[in-house]
Amino acid sequence: MNLSDDIGFLTGVGPKRAENLKELGIQTIEDLLTYYPFRYDDIQEKELNEIQDQEKVTLKGLVVSEPVVSRYGYKKSRMMFRMMQDHAVINVSFFNQPYLKDKIVLSEEIAVYGKWDAKRKSLNGMKILAAKNDGEDFAPIYHVNKKVRQSSLIQLIRTGFEKYGDLIQEILPEELLEKYRLMPRKEAMFAMHFPSDPEESHQAKRRVVFEEFFLFQLKMQGLKRQEKAEKNGLVIQYDVDRLKTFTQKLPFELTAAQKKVTNEICRDLMSPNHMQRLLQGDVGSGKTVVAAIALYATMTAGFQGALMVPTEILAQQHMESLQQLFDPLEVRTALLTGSTKTKERREILEQLATGEIDIIIGTHALIQEDVLFRRLGLVITDEQHRFGVNQRRILREKGLKPDVLFMTATPIPRTLAITAFGEMDVSIIDEMPAGRIPIETRWIRPPQLDTVLEWMEKELARGHQAYVICPLIEESEALDVKNATEIFEHMTAFFNPTYQVGLLHGKMKNQEKEEIMQEFKENNLQLLVSTTVIEVGVNVPNATVMLIMDADRFGLAQLHQLRGRVGRGSEASYCILVANPKNEMGVERMKIMTETNNGFVLSEKDLELRGPGEVFGARQSGIPQFAVGDIVTDFNILEVARQEASAIWKKEQWWVLPEYRGVADKIKPNDGEQQFFD
Ligand code: ADP
Ligand code: MG
């Protein structure tokens, strides 16, 4: 028996079940035992007659009626069902969360947290909790899907521990366990699932997070040392004179910050080190032109460059801005996305292989599959892409080892960036081009919406354009579209026929999206209602108003990104947040947005404010995703782990020492990955 045994070895796990578990990423026993809950619900039930009117409580019972959703007013809804607790039937209602309907299953146990209305004998639901297991006050809550349910997963984890628990061995060196008073591995793994009290839960998590960060740092630092030692990166001997001419011809003078980062990047290009650099700069700080300079430099050295972006719209737009900057006769560019026609695609691939194309812009498909380069020297990725181990492997398999520049607008404090990215160097653009008029941000409550629309009408009358953003409803794509459509209709009713309104959402075909975007760019549409598909990088300088509906549903980073879509021209711009926050923190977040335009200040504030689990734009920024650790709230642990890992790498051949065998084993490179143990 071994922890790496297939999950199918457990009794009760047949092929079908194993397949379902695999969808959650659980393949081995160890995967199962380390599939940790993302939160714990504190469930302390009360008797009905003990509860005061308007008291907040958790009630548990059996669902005895199908949930019914009724809708009223603009976007309002109420979902009702009945549950039975000790022969008493209780009405439960949830307001404006119709998507919770799917969670109410007839004849199943349910636990609801909410406010008790004693007179009506009803519960005004606030949250659905997991049903409690016997004898536990903390119910672990896991990310599950329709095929694997919470209760059966918990049962399986229990069985896993019963059969395999004794095989769990310590991997961290004794010295670190003592120094940081860390819980032993086996105990911690068990307590992550079944904590007996909050303190035990806290200690278990501290240990697990340390281990996760420590292994990550050991591995990353290993890779970095390797890269540095090899000096087998490309030497991109660019033409300094041509580059100078190019920057002098730009329509503006580079800011000091742009100059600084450009120098850092150019130094990397020229050196035999393999560049792995993160370029950070707030929205609108002018990253695109820096990318253009780097790509141009690469071309003058006879290499090809690629710019990879997350969406087709963005690819299209980058293509346009680069062509404006480049002299089209001198630089041969091409656009390659998922919707490039077969024939054209074939031609482009051919020209990439022969080297007729200097710079290619496109989506993820760029570096994959059958795309071959003659002499790829630089890959730049913009937003949302984690140019990770996988991509690097793909390129290596093609015999390529280009320099890599990774651009992000997520303002991560510098210390955090350096630590979290481990293997990367960091460049920061920390100033805005001169002459920008700061965007004015206002927060309003939903009832004031029509007043704001009247004001917007005046902005449109001055020839400007506006965005209206509807939040993505994660629970349901259909609902998401419905919501956006409703807002679209509301706006159309208000602004038509004087102004034209367009709608953009995730369910639309790419071509449709592009057409709408184009219409908006050409000012045939004055108002664009959209879900967050436009989130990254769209550039319409004539747009001066950004209206964000249900703004409290967005993270601060996202709001800041969205706000950056306006204020790109010479006119005063506005960001209006429509929100009815449900708690103090929500109110605080809206206020902060109105108080600062500085992404770095925002991110620091967010650090102070945020609740656990709400990651500061990590997904967009490409920060490595950790299973348990949170680079923001657990930053201290991350920093300690970095220092300890660095100390270990200073020891000669540390991986052969007995005390490090456990960790060395864990970070051993897989087949096809780079070897750094030699
Ligand atoms: P980012 O990608 O960092 O959000 P962009 O590269 O799209 O920002 O730049 C935003 C706008 O600022 C663009 O219209 C660009 O032409 C302009 N810009 C960039 N650098 C400068 C500069 N040094 N001076 C004036 N305008 C600039
Ligand atoms: Mg950009």
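Just so you know, these numbers use all the heavy atoms, side chains as well, and skip hydrogens, waters and symmetry mates. Atoms within a ligand are numbered from 1 in the order they appear, just like the ligands themselves. Note that the numbering runs from 1 along the sequence shown for the chain.
For ligand 1, the polar-atom distance check against Val289 finds no nitrogen or oxygen pair separated by under 3.5 Å. Between Gly286 and ligand 1, an N or O atom pair is found at a separation short of 3.5 Å.
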request  = Show your working on ring-ring contact (aromatic ring centres under 6.0 Å, His included) between Phe326 and Phe246 and close with a plain yes or no.
outcome  = CA-CA 8 Å; Phe326 295 140; Phe246 176 67; 5.7 Å; yes
ask   = Going through the distances and angles, do Gln280 and Met407 end up as a side-chain contact (heavy atoms from CB on, under 4.5 Å)?
value = CA-CA 6 Å; Gln280 245 187 291; Met407 305 198 292; over 6 Å; no
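Those atoms of ligand 1 that come under 4.0 Å of a heavy atom in Thr255, given as number and element, are 23 (N). Every atom of ligand 1 is numbered from 1 in the order shown, and the set under 4.0 Å from a heavy atom of Arg568 is 4 (O), 7 (O). For ligand 1, the atoms closer than 4.0 angstrom to any heavy atom of Asp282 are 3 (O). Within ligand 1, counting atoms from 1 as listed, the ones closer than 4.0 Å to a heavy atom of Glu253 are 22 (C), 23 (N), 24 (N).
Closest heavy-atom approach to atom 11 (C) of ligand 1 among the candidates Arg436, Lys259, Arg565: Arg436.
Residue Gly281 places every heavy atom at 4.0 Å or more from ligand 1.
Shortest non-hydrogen contact noted between Met549 and Pro471 is O-CD, 3.5 Å. Of all non-hydrogen atoms in Met593 and Arg563, the two that sit nearest each other are O-NH1, 2.7 Å. Summarising the geometry of Asp552 relative to Asn580, their closest heavy-atom pair is OD2-O, 3.7 Å, with the distance given to 0.1 Å.
Neither side chain, Glu514 nor Gln518, offers a donor N or O lying under 3.5 Å from an acceptor on the other.
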